[in-house]
Chemist: 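Sending over a structure as structure tokens; questions will come in a sec.
Just so it is clear: chains get the letters A, B, ... in the order the sequence lines come, proteins before strands, and each one is counted from 1.
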There are 2 protein chains.
Amino acid sequence: MNRRNTPTKEAVLNLLMNSRKALSQDAIERQLDIEINRATIYRVLNRFCEDGIVHKIVAEDGKQYFAICKKCENPQEVIQHHFHFRCLSCDTIECLQVPVECSVPNGYEVQNANCVLTGTCNDCS
Amino acid sequence: MNRRNTPTKEAVLNLLMNSRKALSQDAIERQLDIEINRATIYRVLNRFCEDGIVHKIVAEDGKQYFAICKKCENPQEVIQHHFHFRCLSCDTIECLQVPVECSVPNGYEVQNANCVLTGTCNDCS
DNA sequence: TATTTTATTGCGAATATGTTGCAATAATAC
DNA sequence: GTATTATTGCAACATATTCGCAATAAAATA
């Protein structure tokens with residue numbers, strides 16, 4: 001299944017790359033200049049996830065948020081699981097440069113992590 | 001708004017107390033002997049959350065799961081934010097006795113944490 | 001005990017998020 | 001330029017959660 005370049009993919013990717021935040025489907029739809037169908041946005045985002053370009057966070061509100069994968073100060077570094085911060089005041093989600101280090105009990109095997117802290121961010125405090 | 005004791009509340013609370021896992025609304029509905037309306041279960045659970053008897057976890061599947069608050073070896077100890085583990089094999093969520101310790105950047109204030117690790121639990125590995 | 005107050009419940013409908021099938025479109029390979 | 005098939009838009013679907021409202025039933029009161 002070869003990928004094709006389309007205006008849609010490009011627009012979504014640009015938006016994510018220029019955003020300091022993780023974005024939900026509806027935020028993306030709102031912020032885009034061009035009009036893109038809801039289902040298409042989800043499909044584009046899920047494809048980005050499959051390709052490892054983007055990662056998905058599920059917040060306390062049960063919604064999916066998407067963020068570009070390499071945004072740390074050290075872009076070469078392989079992205080590992082990190083904490084996310086959701087500001088209740090400005091209602092945004094961002095990646096923290098804090099890796100999730102958690103010792104699980106014996107016999108447990110961690111494949112993925114979805115960690116979101118909620119509160120007030122620096123801009124809003 | 002005073003609380004009243006009802007068979008419904010009691011049944012849900014007993015179920016949660018006897019369960020080693022965090023339960024979703026539909027799991028609760030399935031496991032209950034008596035029949036309770038969906039909306040009612042949600043309302044009971046949300047009231048428990050308000051009262052601090054139960055805490056809510058939102059998993060990667062976007063669903064809400066509920067667990068009794070004091071289940072650690074040290075029941076007197078005030079419950080702090082802890083990790084949860086979701087086993088993809090047996091599809092259950094449980095509280096880990098691992099506190100979430102995360103140093104957030106200056107100016108950030110953490111009010112809540114929703115941390116779920118996914119993978120294979122001890123029973124299934 | 002009988003009556004009143006109002007928290008709780010059940011029902012149906014509404015809302016929201018995310019996915020899927022299908023036909024039409026368009027990017028890429030030839 | 002033509003063929004192949006990934007991508008898109010649309011509508012419909014699935015599921016989770018909430019809400020309004022009338023009926024019920026705990027708890028308080030007389």
Chemist: Taking any atom closer than 4.0 angstrom to a non-hydrogen atom of chain B, what span of DNA chain D does the protein reach, first nucleotide to last?
Modeler: D:dA16 to D:dA27
Chemist: Assign each of B:Asn2 and A:Thr40 to its nearest nucleotide of DNA chain D by heavy atoms, then name whichever residue's nucleotide is nearer the 5' end.
Modeler: A:Thr40
Chemist: Listing request: all side-chain hydrogen bond (donor to acceptor under 3.5 Å, both in side chains) pairs with a residue in residues 4-15 of chain B, at least two apart in sequence or in separate chains.
Modeler: none
Chemist: Rounded to whole Å, how long is the line connecting atom CD of B:Glu35 with atom C1' of C:dC11?
Modeler: 13 Å
Chemist: For B:Val116 versus A:Cys115, what's the shortest heavy-atom pair and its separation?
Modeler: N-SG, 4.4 Å
Chemist: Give a yes/no on whether any side-chain N or O of A:Asn46 is located under 4.0 angstrom from OP1 or OP2 of C:dT19.
Modeler: yes
Chemist: Is there a donor in the side chain of B:Tyr108 and an acceptor in the side chain of A:Glu94, or the other way round, less than 3.5 Å apart?
Modeler: yes
Chemist: Rounded to whole Å, please give me the gap between CG in B:Asp61 and P in C:dT19.
Modeler: 12 Å
Chemist: Check the side chains of A:Thr118 and A:Glu60 for a donor-acceptor pair under 3.5 angstrom, ignoring hydrogens and angles.
Modeler: yes
Chemist: Determine the contact category for A:Asp26: base if any of its heavy atoms lies under 4.0 Å from a base atom, sugar-phosphate if only primed atoms, P, OP1 or OP2 are that close, otherwise nothing.
Modeler: nothing
Chemist: Looking at every strand, decide which applies to A:Ser24 at a 4.0 Å heavy-atom threshold: base, sugar-phosphate, or nothing.
Modeler: nothing
Chemist: Test of understanding: clusters of I, L, V, M, F, W, Y form through side-chain heavy atoms closer than 4.5 Å, transitively. Do A:Ile93 and A:Ile68 belong to the same one?
Modeler: no
Chemist: Nearest 0.5 Å, what's the CD1-CZ distance between A:Ile57 and A:Phe66?
Modeler: 8.5 Å
Chemist: Would you mind reading off the distance between A:Glu60 atom CD and C:dA16 atom P, rounded to a whole angstrom?
Modeler: 20 Å
Chemist: Charged N to carboxylate O below 4.0 Å: is that the case for B:Asp26 and B:Lys63?
Modeler: yes
Chemist: Over how many whole Å does the gap from B:Arg43 atom CZ to C:dT6 atom C1' extend?
Modeler: 15 Å
Chemist: Does the pair B:Asp51/B:Arg47 count as a salt bridge with the N-to-O cut at 4.0 Å?
Modeler: no
Chemist: Quick one, A:Val110 and A:Val100 - any side-chain contact, counting heavy atoms below 4.5 Å?
Modeler: no
Chemist: Just to be sure I understand the rule, does B:Gln25 reach a base, reach only the sugar-phosphate, or reach nothing, if contact means heavy atoms closer than 4.0 Å?
Modeler: nothing
Chemist: Round to a whole Å and report the spacing from NZ of A:Lys63 to P of C:dT19.
Modeler: 14 Å
Chemist: Find the distance A:Asn37:CG to C:dG18:C1' and express it as a whole number of Å.
Modeler: 12 Å
Chemist: Looking only at side chains, do B:His84 and B:His55 share a donor and an acceptor under 3.5 Å apart?
Modeler: yes
Chemist: Which whole-number value in Å describes the distance from A:Glu29 CD to C:dA16 C1'?
Modeler: 13 Å
Chemist: Between C:dT19 atom C1' and A:Arg47 atom CZ, what is the distance in whole Å?
Modeler: 13 Å
Chemist: Counting only side-chain heavy atoms from C-beta out, which of C:dG21, C:dC11, C:dT17 sits nearest to A:Arg38?
Modeler: C:dT17
Chemist: So which one's nearest nucleotide on DNA chain D is more toward 5', A:Val44 or B:Pro7?
Modeler: A:Val44
Chemist: Tabulate protein N/O versus nucleotide N/O from nucleotides 28-30 of chain C, keeping only pairs under 3.5 Å, one per line.
Modeler:
from   : atom 1 : to     : atom 2 : distance (Å)
C:dT28 : OP1    : A:Asn5 : N      : 2.9

